[in-house]
Amino acid sequence: MIRSVALRKVFRHENVTTVALNNIDFQVREGEFIAVMGPSGCGKTTLLNILGLLDNPDSGEYYLGDMDVSRFTEKQRCNLRKEKIGFIFQNFNLIDELTVFENIELPLIYLRVQTKERKIRVYELLDKLGIPARKNYFPLQLSGGQQQRVAIARAIISNPALILADEPTGALDSARGEDVMNLLTKLNENGTTIVMVTHSQRDAEYSSRIVNLFDGKIIEKN
């Protein structure tokens with residue numbers, strides 16, 4: 001499903017040059033659950049941003065399915081993100097001015113799904129994640145665990161083939177973190193491909209394979 005060849009990304013600021021990714025060869029098969037681990041600053045989030053088409057590499061190739069997307073235009077990347085990729089962030093990234101229902105519904109609006117179908121799908125997902133009573137709440141009225149459930153609902157409402165998760169339990173206590181990891185495991189068991197960046201060995205153990213990064217290079221694959 002994912003294949004990168006010699007991906008390289010360099011950041012330059014004034015006289016400082018930082019090689020974030022250094023010739024990364026990386027592959028994820030459809031249906032896998034991959035954990036990407038490594039110390040802060042090793043390139044994990046940069047890799048996730050490129051996989052999620054939020055950024056482009058400076059060189060190398062990135063294939064999503066059979067498409068080389070590394071040189072797609074911004075419009076092409078945006079369309080592909082909407083169709084195929086769901087994002088889960090450590091800090092939730094919910095829109096404070098929208099209710100739980102509206103936050104979850106938003107990707108379907110972008111995809112121009114009809115109003116009746118949107119409502120059916122959002123209500124089904126609210127029930128599935130155990131938060132139907134919170135549908136009219138705003139994010140700041142929710143606990144951290146509830147906010148992350150809403151973020152997961154928003155990520156999966158469009159049935160993406162690929163979910164990219166950046167430290168999905170980093171802002172949660174251990175009990176709520178375990179709930180989130182169990183949700184991700186169920187999604188994976190139902191066929192969703194997941195790539196997760198994490199510092200947590202406990203969270204990584206939920207995955208089917210661990211990839212370790214250090215100084216922008218893959219140093220070990222389990």
Requested in this report: Classify the side-chain pair Thr169/Asp203 by whether it contains a donor and acceptor separated by less than 3.5 Å.
Outcome: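 Yes, because at least one side-chain N or O of Thr169 sits under 3.5 Å from a partner of the opposite role on Asp203.
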Testing the basics here: between [X] and [Y], what is the closest heavy-atom pair and its distance to 0.1 Å?
X: Ser207; Y: Ile34; result: CB-C, 4.2 Å
X: Ala151; Y: Phe92; result: CB-O, 3.9 Å
X: Pro39; Y: Phe214; result: CG-CD1, 3.8 Å
X: Ile218; Y: Asp25; result: CD1-O, 3.4 Å
X: Leu172; Y: Gly177; result: CB-N, 4.0 Å
X: Ser158; Y: Leu111; result: CB-CD1, 3.6 Å

Checking the side chain of [X] only, and the main-chain atoms of [Y] only, is there a donor and an acceptor separated by less than 3.5 Å?
X: Ser208; Y: Phe33; value: yes
X: Arg118; Y: Val113; value: yes
X: Ser143; Y: Gln146; value: yes
X: Gln148; Y: Gly145; value: no
X: Asn188; Y: Gly31; value: yes
X: Asp58; Y: Val10; value: yes
X: Asn49; Y: Asp55; value: no
X: Arg121; Y: Ile157; value: yes
X: Lys44; Y: Gly38; value: yes
X: Asp166; Y: Phe89; value: no

Requested in this report: Please lay out, stage by stage, how Leu80 and Phe72 fare under the test side chain to side chain contact (heavy atoms under 4.5 Å, CB included).
Outcome: CA-CA 10 Å; Leu80 198 55; Phe72 268 28; 4.1 Å; yes
Report task. In sequence, state the C-alpha distance, the side-chain angles, and the governing distance for Tyr62 and Phe26, and then conclude on ring pair (Phe, Tyr, Trp, His ring centres under 6.0 Å). Result -> CA-CA 9 Å; Tyr62 170 33; Phe26 182 61; 9.1 Å; no
Report task. Could you please spell out the steps behind the side chain to side chain contact (heavy atoms under 4.5 Å, CB included) verdict for Arg149 and Leu183? Result -> CA-CA 9 Å; Arg149 283 174 179 263; Leu183 282 170; 4.2 Å; yes
Requested in this report: For Lys9 and Ile50, run side chain to side chain contact (heavy atoms under 4.5 Å, CB included): C-alpha distance rounded to whole Å, both residues' side-chain angles, the deciding distance at 0.1 Å, then the answer.
Outcome: CA-CA 9 Å; Lys9 184 69 177 180; Ile50 290 175; 4.3 Å; yes
Query raised in the report: What pairs meet the side-chain hydrogen bond (donor to acceptor under 3.5 Å, both in side chains) rule with one or both residues in residues 81-97, with sequence neighbours excluded?
Result: Glu74-Arg81
Query raised in the report: Quick one: do Ile24 and Met1 end up in the same hydrophobic cluster if we chain Ile, Leu, Val, Met, Phe, Trp and Tyr together by side-chain heavy atoms under 4.5 Å apart?
Result: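 Yes, one cluster joins them.
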Does some side-chain heavy atom of [Y] sit less than 4.5 Å from a side-chain heavy atom of [X]?
X: Pro139; Y: Ile95; answer: no
X: Arg154; Y: Leu94; answer: yes
X: Ile210; Y: Gln201; answer: yes

Query raised in the report: Is the number of heavy atoms from other residues, nucleotides or ligands within 6.0 Å of CZ (Phe11) greater than 12?
Result: yes
Query - Pairwise distance CG(Leu7) to CG(Asn22) - rounded to 0.5 angstrom - result: 11.0 Å
Query raised in the report: Ion pair present between Arg29 and Glu32, side-chain N to carboxylate O less than 4.0 angstrom?
Result: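 Yes.
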**Report entry** From CA spacing to verdict: side chain to side chain contact (heavy atoms under 4.5 Å, CB included), Asn182, Val180
**Finding:** CA-CA 5 Å; Asn182 287 331; Val180 166; over 6 Å; no
Query raised in the report: Is it true that the NZ or CZ of Arg3 lies under 6.0 Å from the centre of Tyr63's six-membered ring and within 45 degrees of the ring axis?
Result: yes
